[in-house]
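Fair warning: this is a prediction, and the values are worked out from it, not measured in the lab. Position 1 is the first residue of the sequence, and the numbers go up from there.
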Amino acid sequence: MNHLLKKFCPRIEFDSYEDFFENFTIEVPHNFNFGYDVVDEWASVEPTKQALVWCDDEDNEKILTFSDISALSNRLANALTAQGIGKGDVVLLLLRQRWEYWVCAVALNKIGAIIIPGTTQLTSKDIVYRANSADVKAIVALGNDYVLDQVDGAKAAAPSIQTCIAVASADAQLRTGWLSFEQLIDAASKDWQRPTGTAATANDDIMLIYFTSGTTGLAKMCCHNFAHPLGHIITAKYWQQVQEDKLHCSVTDSGWAKFGWGKIYGQWIAGATIFAYDTVRFDPLKLLERIAHYRVTTFCVPPTMYRFMLQEDISHLDLSCVENFATAGEPLNAEVTRQWEALTGKKIREGFGQTEGPVLLATFPWVDPRPGSMGKPSPLLNIQLLDEEGTPVATGDEGNICVTGLKEAHPPGLFIGYYRDPERTAEAVGGAYYNLNDVAWCDVDGYYTFIGRSDDVIKCSGYRISPFEVESVLIEHPAVIECAVTSAPDEVRGNVVKASIILAKGYEPTDELKKKLQEHVKNTTAPYKYPRIIEFVSELPKTIGGKIKRAKIRAEDKGEAWQD
């Protein structure tokens, strides 16, 4: 039995969901540090245990053991310390899915520095905003021209940035003001001692800052402490169902919170091997070819990727190696899971949460996935549906998804607040519960169904309409590959339902197709929910984390300015 899981969880095996929900606990050690207590621990107990299998579009491959990660992170910790980076300093990582990200994350944990993950799509403006908001002291970036140009373009307006390190080949021509990651690693010692006393990290220290998606405005700085990785035991072991020494693949850029969900913390605690395919552009067929080639055991991608994969002919691929398919990041349309089960013989297990925490609701091993449902609540997090006054709603009624019981205990994995924003922190987690501002309802069997962000729910002619429900109906039609349903202003009704639609291959944007789609919605769900406005688009506005900006669509329809 996995000795690390046993170390943190008194019980690992359960007979039922009810047993799991009532009896699962996590014991957070004093001064837990992921770098020492997970990576170095595995390296000590099983020196040859694989941690990471990495490949890219150029057929490069790198396999690293926990001993490799331990030694490389020690070298980098020494190199960064020599550059004046210490406990509490903030470091921005712009590394896509390069294998160096894992080394950086572990080294920064060991030092006690604060990590800000960022996507390589960030512009100079984005970098300036992050650097000045959090006093970023150092940046480790992918060494291609675009990323380096954006960082160089930000430096003059971001005076806190003192050190810039480029990940590229050791003999690459470096720009002025940049250090080579490879040269720093090669020159540094692999001997590193865990700090003690005031130099050591404490569980309440900030380990990680995520800049949230910003679907309704500027991104917020969401803080996680050093106990945060332990909360993802539930995410990895009991939702994604990763297996020790087997490959797990979550498809996500390192700049997104889903990376923490699926590509490092809970997976390594559970002893799984991370599979990473570092690609510039998502190609559904190439991804599945690699999943089949490397014999990945557990697999997690957003619903949109499943939809695109369903557009491909994958009959020649053997995906029988995948024992568990999972999804998160946005609601899963029922039709997608039906089609995927017909294709592979396996259901997709949905998980739900936010940047602010680990998985909150999921189809756990004892929960049979139901198309359209997010599953049931995680233990530890005391999930309840509350009304606007904070009162639990009746079964079958809509309510805000909330993490309750915060006055009694702060569950591991849940964020501790917003960086340098005590007022917003007090509002979010300073009371008895944290309101996610996501609306759902729960049936008599305890299954939760997502309705939408509280701001996204459409109020039309006295009705409350779930955009996700209408989107799910539209996705059932073969012409629709992706869509966003929003409210649009109407002189008579105040608001009407609008659908912005990306068409599947082989379909043309005609008035006749609009009428067919409207009739499809009328015949599938209540007629008042049909989209009176349909707009065919080539793309939908999304955050850098891949979430649809419905607020931007609404603002543009009202003629209002929108600032990313």
Do [X] and [Y] have side-chain N/O donor and acceptor atoms under 3.5 Å apart?
| X | Y | result |
| --- | --- | --- |
| K263 | Q97 | yes |
| Y434 | Q354 | yes |
| N382 | E408 | no |
| W178 | D152 | yes |

Drop me the distance from [X]'s [atom1] to [Y]'s [atom2], to the nearest 0.5 angstrom.
| X | Y | atom1 | atom2 | answer |
| --- | --- | --- | --- | --- |
| I206 | N225 | CD1 | CG | 9.0 Å |
| L436 | E356 | CG | CD | 7.0 Å |
| C402 | D387 | SG | CG | 9.0 Å |
| N109 | T201 | CG | OG1 | 8.0 Å |
| N400 | Q384 | CG | CD | 12.5 Å |

Student check: side-chain heavy atoms of [X] and [Y] closer than 4.5 Å:
| X | Y | answer |
| --- | --- | --- |
| S250 | V301 | no |
| V91 | I115 | no |
| L361 | S378 | no |
| T119 | L94 | no |

Any carboxylate oxygen within less than 4.0 angstrom of a Lys/Arg side-chain nitrogen, looking at [X] and [Y]?
| X | Y | value |
| --- | --- | --- |
| R554 | D557 | no |
| K110 | D40 | yes |
| E482 | K542 | yes |
| D278 | R96 | yes |
| D253 | K258 | no |
| R130 | D135 | no |
| K498 | D490 | no |
| D445 | K376 | no |
| R550 | E471 | yes |

Do the side chain of [X] and the main chain of [Y] share a donor and acceptor less than 3.5 angstrom apart?
| X | Y | result |
| --- | --- | --- |
| H224 | L208 | no |
| Q150 | V147 | no |
| H410 | F415 | yes |
| Q267 | W261 | yes |

Check your understanding: Using the benzene-type ring in the case of Trp, are the ring centres of F21 and F364 under 6.0 Å apart?
Key ->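 No: the rings miss the under 6.0 Å criterion.
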
Check your understanding: Is it true that F259 and W102 have ring centroids separated by less than 6.0 Å?
Key -> yes

**Study point:** Ring geometry between H232 and Y265 (parallel below 30°, tilted from 30 to 60°, perpendicular above 60°)
**Key:**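 The arrangement is parallel - the two ring planes meet at less than 30°.
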
Practice item. On the 0 to 90° scale, with breaks at 30° and 60°, tag the F24-Y238 ring pair as parallel, tilted or perpendicular. Key: perpendicular

Revision key, fill the gap. Residue set satisfying ring-ring contact (aromatic ring centres under 6.0 Å, His included) with F226, at least two apart, ordered chain then number -> none

Practice item. For residues I401 and N435, report the shortest heavy-atom separation together with the two atoms involved. Key: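 Looking at all heavy atoms of both residues, the shortest contact is O-OD1, 3.8 Å.
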
Review point. Shortest non-hydrogen contact from N132 to P159?
Key: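 Closest approach of N132 to P159, heavy atoms only: OD1-CD, 3.9 Å.
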
Check your understanding: What do the steps show when you test V470 against L474 for side-chain contact (heavy atoms from CB on, under 4.5 Å), and what is the final call?
Key -> CA-CA 6 Å; V470 181; L474 286 166; 4.2 Å; yes

Review point. Run the side-chain hydrogen bond (donor to acceptor under 3.5 Å, both in side chains) check on Q83 and Q162 step by step: do they pass?
Key: CA-CA 9 Å; Q83 295 297 319; Q162 297 179 18; over 6 Å; no

Review point. Would Q121 and D126 satisfy side-chain hydrogen bond (donor to acceptor under 3.5 Å, both in side chains), going step by step from the backbone distance to the final call?
Key: CA-CA 9 Å; Q121 299 173 44; D126 297 323; over 6 Å; no

